[in-house]
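Residue numbers begin at 1 in each chain, while the letters A, B, ... track the order of the sequences.
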2 protein chains.
Amino acid sequence: MATSTVENYLKATLLHEQECDGIVPMGALVEALGVVPGTVTTMVKAMATQGLLEHESRQGVRLTPIGRALALGVLRKHRLVETFLVQTLKMDWSEVHEEAEALEHAVSNRVLERIDEFLGRPTADPHGDPIPDATGTIADTAAQVTLQGSAINKALRVTRILDQTPDFLAYVQETGLKPGAWVKVVRRDETSGVVHCEMKTGQKITLGLPVAAKIVVGALV
Amino acid sequence: MATSTVENYLKATLLHEQECDGIVPMGALVEALGVVPGTVTTMVKAMATQGLLEHESRQGVRLTPIGRALALGVLRKHRLVETFLVQTLKMDWSEVHEEAEALEHAVSNRVLERIDEFLGRPTADPHGDPIPDATGTIADTAAQVTLQGSAINKALRVTRILDQTPDFLAYVQETGLKPGAWVKVVRRDETSGVVHCEMKTGQKITLGLPVAAKIVVGALV
DNA sequence: AAATGTATTTTGATTAGTCAAAATGCAAGT
DNA sequence: ACTTGCATTTTGACTAATCAAAATACATTT
């Protein structure tokens with residue numbers, strides 16, 4: 001069985017492979033895992049000999065099929081646990097990330113299956129992030145529309161928050177821009193770099209463009 | 001923060017101090033933790049310098065006040081988690097021990113408090129073992145009556161199972177001698193070493209004396 | 001009192017994961 | 001092409017936890 005450290009390296013690699021078209025640079029893992037570069041090199045080499053990663057020297061790493069399967073399993077645990085903590089134990093939406101970070105390595109598949117069933121097999125966690133199913137299939141996440149690029153004056157629903165830092169989550173919480181919330185972009189001004197939004201309550205919110213890019217929206221449904 | 005290994009040593013010491021009047025021999029820890037004797041000596045010395053245990057050479061160990069507080073915290077996590085797995089997630093009563101063994105080191109006090117509240121602050125886990133409260137106070141467990149020494153022909157209630165091995169739990173499950181069950185001792189024969197019991201259903205069960213000593217009973221209430 | 005047997009401790013080695021700091025390779029800019 | 005700067009790798013060392021096997025202490029029996 002993979003140690004928690006190995007699971008963390010796999011998960012970090014998985015979470016970075018989109019934005020790095022496949023090969024994840026060592027620096028990304030250094031940053032994500034909070035260790036010094038030399039440690040990543042050592043770990044990555046060890047994991048490569050175990051067949052979990054491919055290591056291209058001075059380039060970065062790629063997940064092997066086995067590594068990806070394990071990483072998806074960890075991600076599934078993380079996101080189901082987060083959902084459970086929020087929905088069942090009524091924990092604060094913005095404080096569950098670190099809790100899940102610890103629990104994802106201790107929850108067995110047996111317990112996970114019970115949690116999944118208990119929650120009614122959800123497909124997204126409280127942040128709107130897709131939850132891989134038991135076979136490791138995850139909803140396609142490419143081509144998502146954010147408040148940075150959405151239609152104007154159209155009623156939308158927030159579906160996902162792309163930044164999980166406590167500060168940002170607290171801000172989202174405060175403004176009500178949480179997954180599920182009704183929102184409309186009333187004006188987008190590229191020159192001044194801001195997006196003007198309106199909530200169902202009539203409340204008006206102004207966001208900078210890079211911040212707007214962190215709020216994924218979809219059709220009302 | 002204590003590592004899971006340290007937490008396991010502390011918990012094992014706590015669980016053995018009753019039956020060893022205070023000083024727990026090294027061999028008990030060897031057995032409980034499944035390591036070789038030399039490992040226990042090394043760990044115990046390290047923990048003694050950290051102020052968690054007192055080590056009397058060639059005698060055994062004693063918990064310090066700090067060590068006991070930590071051990072009670074771990075025991076509380078273990079038993080609340082077990083209760084949660086059975087009551088909320090409907091897991092099998094006899095399979096939750098090992099799950100709790102892993103989760104007890106990953107559940108934060110914040111999560112534990114939510115679980116405790118969610119469950120309505122239970123005072124005993126599914127096996128009837130008392131759950132320490134948040135201040136580390138645990139119900140007195142001495143002077144418990146078991147089927148080995150109980151009154152004859154008196155309606156009793158099973159309150160606790162003192163053996164948590166999967167085999168024994170499966171047996172208890174099968175016979176229905178679970179905590180909460182109605183039971184009556186119809187005859188006890190010291191010579192042949194057996195106890196004859198009767199369940200509410202009229203079903204008759206015969207137990208050997210050492211086995212009867214593992215089933216704690218109390219008044220019906 | 002000597003011998004025996006068992007529990008415990010010591011010693012030396014191993015594995016996983018880490019850091020510090022020096023060495024190396026590579027891409028860009030001049 | 002040369003240099004500069006940054007990312008990565010190497011090297012040597014450290015901690016936590018473990019085992020194997022030899023050494024030691026102690027209680028019990030003879």
Inset, instruction - Would you mind reading off the distance between B/Glu7 atom CD and D/dA17 atom P, rounded to a whole angstrom? - result: 11 Å
Inset, instruction - Measure from the side-chain heavy atoms of B/Met43 and tell me the nearest of D/dT9, D/dT18, C/dT8. - result: D/dT18
Inset, instruction - Kindly write out the residues that satisfy salt bridge (charged side-chain N to carboxylate O under 4.0 Å, His left out) with A/Lys214, not counting sequence neighbours, or none if the list is empty. - result: A/Asp163
Inset, instruction - Tell me, yes or no, whether the heavy-atom count around B/Ile152 atom CD1, taken from other residues, nucleotides or ligands under 6.0 Å, exceeds 12. - result: yes
Legend entry - Contact nearer the 5' end of DNA chain D, comparing A/Val30 with B/Gln50: A/Val30
Inset, instruction - Quick one: sort the B/Trp93 and B/His127 rings into parallel, tilted or perpendicular, breaks at 30° and 60°. - result: tilted
Inset, instruction - Could you check which residues of residues 10-27 of chain B get a heavy atom under 4.0 Å from DNA chain C? Sort them by number, please. - result: B/Pro25, B/Met26, B/Gly27
Inset, instruction - Classify the ring geometry between B/Phe84 and A/Phe84 as parallel (under 30°), tilted (30 to 60°) or perpendicular (over 60°). - result: perpendicular
Can you tabulate the close N/O pairs, meaning under 3.5 Å, that link protein atoms to atoms of nucleotides 20-25 of chain C?
{"from": "C/dT24", "atom 1": "O2", "to": "A/Arg58", "atom 2": "NH1", "distance (Å)": "3.2"}
{"from": "C/dT24", "atom 1": "O2", "to": "A/Arg58", "atom 2": "NH2", "distance (Å)": "3.4"}

Legend entry - Check ion pair B/Lys77-B/Glu82 (N to O, under 4.0 angstrom): no
Legend entry - Pair A/His196, A/Asp189: side-chain N/O donor-acceptor within cut-off below 3.5 Å: no
Inset, instruction - Nearest whole angstrom, please: distance from the C1' of D/dA17 to the NZ of B/Lys45. - result: 16 Å
Legend entry - Short side-chain donor-acceptor distance under 3.5 Å, B/Thr135 and B/Asp133: yes
Legend entry - Whole-Å gap separating P (D/dA17) and CG (B/Leu29): 15 Å
Inset, instruction - Look at A/Ser57 and D/dT8 and indicate whether a side-chain polar atom (N or O) is within less than 4.0 Å of OP1 or OP2. - result: no
Legend entry - Among D/dT8, C/dT18, C/dG17, the nucleotide that comes nearest once only the side chain of A/Thr42 is considered: C/dT18
Inset, instruction - Report yes if the side chains of B/Leu209 and B/Glu190 come closer than 4.5 Å at any heavy-atom pair, otherwise no. - result: yes
Legend entry - Minimum side-chain heavy-atom gap B/Arg187-B/Cys197 below 4.5 Å: no
Inset, instruction - List for me each residue that meets side chain to side chain donor-acceptor pair (under 3.5 Å) alongside A/His55, sequence neighbours excluded, and say none if there are none. - result: none
Legend entry - Contact nearer the 5' end of DNA chain C, comparing B/His55 with A/Gln59: B/His55
Inset, instruction - May I have the distance from A/Glu56 (atom CD) to C/dC26 (atom C1'), rounded to whole angstrom? - result: 16 Å
Inset, instruction - Give me the bend of the helix from C/dA1-D/dT30 to C/dT30-D/dA1, using the axes of the five pairs at each end, rounded to 10°. - result: 10°
Legend entry - With B/Thr88 via side chain to side chain donor-acceptor pair (under 3.5 Å) - residues at least two apart: none
Inset, instruction - To the nearest Å, give me how far apart NE2 (A/His105) and C1' (C/dA16) are. - result: 15 Å
Legend entry - Given D/dC19, D/dT9, D/dA16, the nucleotide with the shortest approach to the side chain of B/Val35: D/dC19
Inset, instruction - Using a 4.0 Å heavy-atom cut-off across all strands, classify B/Thr5 as base, sugar-phosphate, or nothing. - result: sugar-phosphate
Legend entry - Passing option when B/Thr13 is tested against B/Leu52, B/Val44, B/Asn8, B/Leu29 for side chain to side chain contact (heavy atoms under 4.5 Å, CB included): B/Leu29
Legend entry - Whole-Å distance separating the OH atom of B/Tyr9 from the P atom of D/dA17: 8 Å
